[in-house]
There are 2 protein chains.
Amino acid sequence: MVAMSNRAEQESSSGEATRLKIMDAAESLIIQHGFAATSLRAIANAADVNLAATHYHFGSKQGLLAAVFHRRMRPVGIARLGALSELEAGSEPLTVDAILKAFFVPFYDAEGSELLTILPGLVARIYAEPATLTQPILEEEFSEVASRFVAALLKACPGVPEQEMRWRFHFMVGSMIQFLKFHTPIGVADRDNEFRVGLDKLVAFTVAGIEQLGAIE
Amino acid sequence: MVAMSNRAEQESSSGEATRLKIMDAAESLIIQHGFAATSLRAIANAADVNLAATHYHFGSKQGLLAAVFHRRMRPVGIARLGALSELEAGSEPLTVDAILKAFFVPFYDAEGSELLTILPGLVARIYAEPATLTQPILEEEFSEVASRFVAALLKACPGVPEQEMRWRFHFMVGSMIQFLKFHTPIGVADRDNEFRVGLDKLVAFTVAGIEQLGAIE
DNA sequence: GTCTATATTGGGATAGAC
DNA sequence: GTCTATCCCAATATAGAC
């Protein structure tokens, strides 16, 4: 056992370093070309590691996919639930606007960070891949979040039935995905302001759709 | 040259028959698993034709993809533009509700037909595939439609800037895609009524988002 | 933990007989 | 126009040296 003193905070061992390099490369390539069209060879090449390392660390291509998605999605879910809890702990009654901003909080937080070049494209990809691939991931990382937010929206919109709100939430997610896909032409970190502008427009659109104030009801 | 009298109305020659069989099989498999994950071998097998026939008729896998998408997307665009023109030829002023129903008209029309098991999934797939694959198809089949509908929506919503309306149209498309994806668990033609219900809810959501009557502006 | 080398399978595309 | 057979390459995965 040799001493591993340096950079021990970031990675616990040297093996973790290549593991991260593989995930970073896989993430980027999957965002660009999709899962099926991305080969382990291309990933290993981009990560500058050996092909066999991908199997050693992740067991299979599917295992790598799951790891790549979970790494980003878990913090996203935690941030969303945290923002919602903070909101619910306050004294004022909940508004749809505030709830949706809590739902989009991972993207607001990503402004100015390198995450802005990754998170939108990756989230859009989860919904783009065939359901058989990503359903388990969504199930684990998203179902609780969706339930909590639908419940909060129901409180903010008295009179709207639960099934109806599930539909509206569903449409809202679709708008979000479309936005995230559009605003991720791969790379480009200088468009932070533009991203923020689009995010605010997304909030306005989805708030109106969920409240439907102009409708008959 | 043997006489080819039978079924000459449907297909002009025997070659057209296998061509159609290939496209039908490819369409179904691409909807289920995506383009990259669908092999020409699987397509030829499902279509009960020889592998070489796929290359003979479409030149390459990409060529087959383009043919599959164009076959469905061209009528969709024509139906949308026709419905909009009919609307604009009327005497009453345009409403957002009527314009969006014209935009969704291919899906309203698909009710009760076998198209309902295909069209939603296929449209959703176009947006799910990597942009490099489908951008040319969207460019050719959708750009004019989008321009015409955005122009109509601008007339129906005085005071909304064009750039703003493009954003809202974009979000609207996202909601539509999400709906089409959700309501296509492959097969199942008995849920026509349910589909219609969801479609109406989609209209209500997107009308509210595009009008944004409750907002400050 | 990391590499080389390779097993094994399946992919798209084509040549040439019929 | 359609088939058989095949080329050639890329894919995932693994065994075994270091």
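Throughout, a chain's letter reflects where its sequence line sits, starting with A, and its residues are numbered from 1. Computed from heavy atoms alone, side chains included, the values below leave out hydrogens, waters and symmetry copies.
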Given atom [atom1] of [X] and atom [atom2] of [N], what is their separation to the nearest angstrom?
X      : N      : atom1 : atom2 : answer
H57(A) : dC3(C) : NE2   : C1'   : 12 Å
F58(A) : dT2(C) : CZ    : C1'   : 15 Å
L20(A) : dG1(C) : CG    : P     : 13 Å
E16(B) : dT2(D) : CD    : P     : 10 Å

Taking distance alone, no hydrogens or angles, what donor-acceptor pairs closer than 3.5 Å link side-chain atoms of residues 99-109 of chain B to residues at least two apart or in another chain?
{"from": "K101(B)", "atom 1": "NZ", "to": "D97(B)", "atom 2": "OD2", "distance (Å)": "3.0"}
{"from": "Y108(B)", "atom 1": "OH", "to": "D200(B)", "atom 2": "OD1", "distance (Å)": "2.9"}

Query raised in the report: Excluding sequence neighbours, so at least two apart, what forms salt bridge (Lys or Arg N to Asp or Glu O under 4.0 Å) with E164(B)?
Result: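 Residues passing salt bridge (Lys or Arg N to Asp or Glu O under 4.0 Å) with E164(B): K201(A), R168(B).
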Query raised in the report: Does T18(B) place a side-chain N or O at less than 4.0 Å from the phosphate oxygens OP1/OP2 of dG1(D)?
Result: no
Report task. May I ask you to say whether E141(A) pairs ionically with R80(A), meaning some side-chain N is under 4.0 Å from a carboxylate O? Result -> no
**Report entry** Residue N50(B), side-chain atoms from C-beta onward, closest of dT4(D), dT2(C), dT2(D)
**Finding:**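 Of the candidates, dT4(D) comes closest.
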Query raised in the report: Any side-chain donor-acceptor pair under 3.5 Å between H57(A) and T18(A)?
Result: yes
Query raised in the report: If we ignore angles and hydrogens, is there a donor and acceptor under 3.5 Å between the side chains of T134(A) and R125(A)?
Result: no
Report summary line: Once base and sugar-phosphate atoms are separated, protein heavy atoms under 4.0 Å mark nucleotides 10-18 of chain C, 5' to 3', with B, S and - as -BBBB----
Query raised in the report: Considering only heavy atoms from C-beta outward, does the side chain of F179(B) approach that of W167(A) to under 4.5 Å?
Result: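 They are in side-chain contact.
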